[in-house]
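Below is one structure, written out as structure tokens, with a few remarks after it.
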Amino acid sequence: MSAEVTELTEMELLTLKESMLTQKALILNKSHEFKEEQSSMSAVAEEAEAASQDIANNISIHLHERDRTALYAIERALGKIADGTYGQCESCGECISARRLQARPFTALCIECMEEQESHSNIFQ
Ligand SMILES: [Zn+2]
């Protein structure tokens, strides 16, 4: 129990989710432009909302490494939001502070576990 750890409010979580969906739509939109010259932003946004991991996998073939990595991070975070585990540290299970999540929405570790991991090795970075 740490007093400094403030959990995200529902509103803040929604804001983060919105921004993730926007980022995802932008990445998917890029891949659409890559394949064909169609770009209906609203259609892509809907697709982003509905896209399954399979679709993301297929689309990602057309993406650059950086976009693919980002897309997976977004998928992962959105999945956690969906099942209610977003904001929990994957290592210790404690809540990650709202400030940290807002600065690094795709982080999977609380600051303590991150520092712990970094002190042991940078191989996984
Ligand atoms: Zn932790």
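In listed order, ligands and their atoms are each counted from 1. Nothing fancy with the numbering, it's 1 onward along the sequence.
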* Residues two or more places apart in sequence or in another chain: which of them pass salt bridge (charged side-chain N to carboxylate O under 4.0 Å, His left out) with Glu65? -> Arg68
* Asked: So which protein N/O/S atoms does the Zn ion (ligand 1) have within less than 2.8 Å?
  -> Cys89 SG, Cys92 SG, Cys110 SG, Cys113 SG
* **Gln102, CD: over 12 other non-hydrogen atoms inside 6.0 angstrom** => yes
* To do: May I ask whether Ile27 and Ile81 are part of the same hydrophobic cluster, defined by side-chain heavy atoms of I, L, V, M, F, W, Y residues being less than 4.5 angstrom apart, directly or through others?
  => yes
* To do: Apply the test salt bridge (charged side-chain N to carboxylate O under 4.0 Å, His left out) to residues Glu90 and Lys80: give CA-CA distance (whole Å), side-chain angles for both, the deciding distance (0.1 Å), then the verdict.
  => CA-CA 11 Å; Glu90 285 185 1; Lys80 286 189 196 176; 2.8 Å; yes
* Asked: Are Ile74 and Leu21 joined in one hydrophobic group, where the rule is that I, L, V, M, F, W and Y side chains link up if heavy atoms are under 4.5 Å apart?
  -> yes
* Leu101 with Leu13, same ILVMFWY side-chain cluster at under 4.5 Å -> yes
